[in-house]
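Data first, discussion second: the structure below is written as structure tokens.
Residues take their numbers from the sequence shown, with the count starting at 1.
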Amino acid sequence: MEQLNELELLMEKSFWEEAELPAELFQKKVVVASFPGTVLSTGMDNRYLVLAVNTVQNKEGNCEKRLVITASQSLENKELCILRNDCQGYIIHLEGDYMLISGTSIASSIRCMRRAVLSETFRVNNIPATREAEVFQKANNNSFLQELAFQTIQEIRHLKKCKYRLNLSQDEIKQEVEDYLPSFCKWAGDFMHKNTSTDFPQMQLSLPSDNSKDNSTCNIEVVKPMDIEESIWSPRFGLKGKIDVTVGVKIHRGYKTKYKIMPLELKTGKESNSIEHRSQVVLYTLLSQERRADPEAGLLLYLKTGQMYPVPANHLDKRELLKLRNQMAFSLFHRISKSATRQKTQLASLPQIIEEEKTCKYCSQIGNCALYSRAVEQQMDGSSVPIVMLPKIEEETQHLKQTHLEYFSLWCLMLTLESQSKDNKKNHQNIWLMPASEMEKSGSCIGNLIRMEHVKIVCDGQYLHNFQCKHGAIPVTNLMAGDRVIVSGEERSLFALSRGYVKEINMTTVTCLLDRNLSVLPESTLFRLDQEEKNCDIDTPLGNLSKLMENTFVSKKLRDLIIDFREPQFISYLSSVLPHDAKDTVACILKGLNKPQRQAMKKVLLSKDYTLIVGMPGTGKTTTICTLVPAPEQVEKGGVSNVTEAKLIVFLTSIFVKAGCSPSDIGIIAPYRQQLKIINDLLARSIGMVEVNTVDKYQGRDKSIVLVSFVRSNKDGTVGELLKDWRRLNVAITRAKHKLILLGCVPSLNCYPPLEKLLNHLNSEKLISFFFCIWSHLINMKVFATYWVTFKENKTLFPLPFHTRAVSPLATQVYRKL
């Protein structure tokens with residue numbers, strides 16, 4: 001639909017029989033943003049199907065558009081809408097066919113729409129504000145503020161985000177939060193816990209519902225933080241976002257007091273009270289309307305100074321921001337176009353480059369902006385670039401060859417086409433488009449659930465919930481333990497309350513590990529679980545494609561190898577890369593490989609760049625690769641552990657659970673308590689309900705499936721006293737009724753004679769194989785030479801989804817060999 005500047009909708013009840021409907025109904029959605037006073041509100045989420053569009057001239061001689069719309073799937077109950085340009089309207093057409101765009105992105109588009117679209121396309125990691133928000137939430141007592149701050153940054157989820165995603169040390173995280181503590185104290189002292197209303201700071205705030213004659217001066221009291229990182233989806237406004245802090249606020253004006261629940265946006269940068277920051281707060285007031293009464297305003301707090309600004313959410317501001325949202329949605333939704341001859345699919349142009357050198361100078365997307373212009377837009381017929389920006393574009397891309405630009409254009413197009421394919425366009429829409437009763441028929445949803453028992457805090461930011469159907473048993477479903485789910489309320493105001501995993505499911509109960517505690521909602525709340533759709537994620541490959549084009553030494557080397565096909569370089573002699581005392585270690589590693597595998601190993605060790613190992617299926621490629629990548633043990637104060645083995649154990653356990661085995665039938669054994677702790681932590685985030693214990697705790701007991709992690713993997717062959725106790729070994733390998741899986745480093749385990757005899761026997765019986773199924777899944781975890789040993793009786797417990805070779809009686813011949 002053609003976009004209009006200022007729209008007013010006058011609704012007339014009519015079937016408009018005179019209007020001729022087009023042969024093909026326009027498959028276009030109109031979304032009516034329901035501000036106060038809107039008459040048209042019968043469509044779900046205020047969405048209507050456009051049946052016909054006509055442009056006519058009214059009595060005043062002005063053009064207006066007349067739309068025939070309906071909220072009925074049967075195309076009945078048509079309504080006539082008249083769109084005019086000459087008034088301030090209440091109705092906004094939303095572009096993008098149910099696309100939800102973050103408030104942060106829309107606010108950033110105010111100065112440059114192109115930057116906002118590029119930021120959505122080529123995502124970069126930003127420092128999360130969650131930890132500051134949590135410190136803020138706990139700031140009710142200043143005397144404990146510093147202690148609470150340091151407790152917060154110790155939590156696993158913050159350390160994971162900062163240490164691994166942003167490469168920050170714990171001390172750096174601590175220092176950053178410490179920098180904000182004085183302003184936290186100042187803020188809490190100013191706006192909380194005063195004796196009288198006049199003790200709170202005076203501010204200027206006029207709410208839209210206030211009488212225009214009222215004095216805008218008021219005292220603002222923050223009563224308490226209600227929530228942090230509240231995630232809200234709003235199909236009504238085409239928005240989504242996470243509100244840093246939701247706070248209860250009292251507005252004292254003279255003898256009158258108003259209580260509002262408002263969004264509070266935290267900013268860690270320079271205090272500017274900029275239009276972008278204020279607009280973000282205004283958009284969050286729209287999101288807040290999905291959960292509660294219109295807050296009419298929000299708060300903007302700069303953490304470095306403790307300065308807080310009230311931000312009223314006026315109607316005109318909301319309207320203009322939604323118009324920006326439309327422009328952005330249009331650009332994101334139409335990223336592919338046809339060439340003039342309509343014979344070639346190509347990337348579409350982005351919003352025009354602005355002519356503001358100062359703004360561009362500090363833009364985080366300047367590299368991608370120049371790259372897209374030169375590689376894509378300047379190759380189109382009739383493309384135009386502001387003359388003043390041509391030198392900057394040349395400067396940013398002069399290090400790239402034409403082949404590099406063509407490579408970027410090609411793969412950007414391929415990835416965009418993949419993301420827009422039919423299977424990847426739903427974008428969770430069924431959660432708000434279809435009731436749970438309909439989605440249950442497909443097996444990907446369970447509705448009408450109520451929460452039972454108390455919510456258990458498993459670890460930081462992980463909450464164990466138990467649900468059961470309000471009426472009867474759990475319906476037939478495709479959901480299984482380990483599946484990712486989105487939890488929503490059956491009420492349309494409670495979309496996407498939480499994300500998490502199914503931990504256990506049976507005929508009566510579903511147990512989920514979620515990222516939010518839903519016990520804050522009333523006990524009568526009805527929930528629905530929707531399986532999280534496995535959409536194509538192109539954020540990572542597009543981000544990598546952008547990094548590949550950067551003007552850095554590493555990126556240049558990668559371009560030479562990947563795009564320009566420079567042959568990889570190799571060192572001449574192995575002795576120049578291996579220390580003299582490593583000879584015996586290497587010989588031990590190579591002992592179990594055949595001649596071609598040893599040759600491949602040598603080639604890899606001599607490589608300066610990369611080595612491709614090629615071979616027919618079954619020739620031992622994965623065996624060779626696994627041998628190359630070490631996974632050593634870690635010896636710390638807490639004990640001995642091996643993180644890679646722990647991850648493999650958890651992944652194997654998830655395979656069994658997904659194949660239909662009950663978690664209670666699975667047992668995990670490890671000789672060291674530190675290893676048990678790591679495995680338990682990993683299980684808590686995904687599967688849970690599996691018994692993890694030492695060998696001694698399993699004495700006299702058994703399980704249908706047992707997985708043993710031997711942990712030890714080192715250069716000197718040390719296996720420790722626990723593994724040298726043959727009685728413990730005897731207990732470990734006799735606990736399984738149907739299937740036993742042993743995980744360990746063969747060169748290390750061979751240093752202990754009983755284990756060496758066991759492994760030699762298993763080898764002779766062809767009961768040892770590399771577990772290649774999980775290589776691709778765990779390649780980024782540096783998987784080592786893991787042997788997968790499997791015993792089983794004549795019948796398996798259930799059909800396995802992966803390859804097994806072991807067919808052998810379980811006890812006697814193994815112990816005879818030992």
Side-chain angles (χ1 to χ4, degrees), residues 31-36 38 41 44-47 94 98 100-104 106 130 133 136-137 207-209 222-251 258-266 280-300 311-313 318 321-322 325 428-429 431-433 435-436 447 449-451 455 463 465 486-500 514-530:
V31 184
V32 182
S34 182
F35 298 130
T38 300
S41 57
M44 185 176 293
D45 296 321
N46 287 353
R47 290 178 184 265
L94 293 193
Y98 294 101
L100 303 183
I101 303 178
S102 75
T104 306
I106 296 167
T130 314
F136 181 97
Q137 188 185 35
L207 299 178
S209 62
V222 177
V223 181
K224 63 176 179 178
M226 312 285 290
D227 203 350
I228 62 165
E229 291 284 294
E230 184 181 20
S231 177
I232 302 179
W233 290 1
S234 175
R236 179 165 51 140
F237 297 118
L239 300 173
K240 65 179 179 180
K242 284 189 176 181
I243 299 174
D244 285 342
V245 188
T246 303
V247 291
V249 175
K250 285 184 179 178
I251 303 168
K258 278 188 178 181
Y259 179 77
K260 293 280 186 179
I261 298 177
M262 293 183 176
L264 171 62
E265 175 68 9
L266 305 181
Q280 196 172 343
V281 175
V282 171
L283 288 165
Y284 286 160
T285 66
L286 285 175
L287 286 174
S288 295
Q289 291 182 44
E290 296 295 336
R291 298 277 167 86
R292 55 191 67 91
D294 185 356
E296 298 190 272
L299 301 171
L300 178 60
V311 182
K318 292 186 282 189
L321 285 168
L322 285 180
R325 179 250 170 233
H428 306 124
Q429 292 171 11
I431 294 177
W432 61 79
L433 289 179
L449 295 171
I450 56 172
R451 184 175 52 81
V455 174
Y463 304 94
H465 293 70
I486 296 174
V487 182
S488 303
E490 291 279 14
E491 293 181 34
R492 297 191 60 77
S493 61
L494 300 175
F495 292 128
L497 290 168
S498 180
R499 276 183 159 94
L514 305 177
D515 60 3
R516 294 184 68 81
N517 188 344
L518 301 182
S519 64
V520 297
L521 295 171
E523 289 187 10
S524 58
T525 303
L526 291 178
F527 298 93
R528 61 181 282 177
L529 304 183
D530 288 271

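Counting heavy atoms from C-beta outward, H465 and S498 have side chains that stay 4.5 Å or more apart. Two residues are said to be in side-chain contact when any heavy atoms from C-beta on lie closer than 4.5 Å; L207 and K260 meet this criterion. Contact check for M262 versus T246: no side-chain heavy atoms found under the 4.5 Å cut-off.
Partners of T525 by side-chain contact (heavy atoms from CB on, under 4.5 Å), not counting sequence neighbours, listed by chain and number: L494, L521, P522, F527. When the side-chain contact (heavy atoms from CB on, under 4.5 Å) test is applied to I450, the partners found at least two apart in sequence or on another chain are Q468, K470, L526.
Rounding to the nearest 0.5 Å places CZ of R451 at 7.5 Å from CG of L518. Atoms CG and CG, from L239 and L100 in turn, are 8.0 Å apart once rounded to the nearest 0.5 Å. Rounded to the nearest 0.5 Å, atoms CG (L287) and CZ (R292) are 10.5 Å apart. In this structure, CG on L321 lies 12.0 Å from CZ on F237, to the nearest 0.5 angstrom. Atom OG of S519 and atom OH of Y463 lie 9.0 Å apart (nearest 0.5 Å). In this structure, the separation between CD on E491 and CD on E290 is 12.0 Å, given to the nearest 0.5 Å.
Across every non-hydrogen atom of W432 and F495, the tightest pair is CB-CZ, 3.1 Å. In this structure, V223 and K250 approach most closely via the heavy-atom pair CG2-CG, 3.6 Å. The shortest heavy-atom contact between S231 and R291 is O-NH2, 3.1 Å. Across all non-hydrogen atoms, the minimal contact from A436 to R528 is N-NH1, 3.5 Å. For the pair G298 and V281, the tightest heavy-atom approach, listed with the atom from each and the gap, is CA-CG1, 3.5 Å. P263 approaches I243 most closely through the heavy-atom pair CB-CG2, 3.7 Å.
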(request) Decide side-chain contact (heavy atoms from CB on, under 4.5 Å) for L514 and V455; before the verdict, give the C-alpha distance in whole Å, the side-chain angles of both, and the deciding distance to 0.1 Å. (result) CA-CA 10 Å; L514 305 177; V455 174; over 6 Å; no
(request) Could you walk me through whether E229 and D244 pass side-chain contact (heavy atoms from CB on, under 4.5 Å), step by step? (result) CA-CA 5 Å; E229 291 284 294; D244 285 342; 3.5 Å; yes
(message) Let's go through L497 and R516 carefully: what are the C-alpha distance in whole Å and the side-chain angles of both, what is the deciding distance for side-chain contact (heavy atoms from CB on, under 4.5 Å) to 0.1 Å, and is it a yes or a no?
(response) CA-CA 8 Å; L497 290 168; R516 294 184 68 81; over 6 Å; no
(request) Let me see the working for V311 and Y284 under side-chain contact (heavy atoms from CB on, under 4.5 Å), right down to the final yes or no. (result) CA-CA 11 Å; V311 182; Y284 286 160; over 6 Å; no
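Checking side-chain atoms of S102 against main-chain N and O of K240 turns up no donor-acceptor pair under 3.5 Å.
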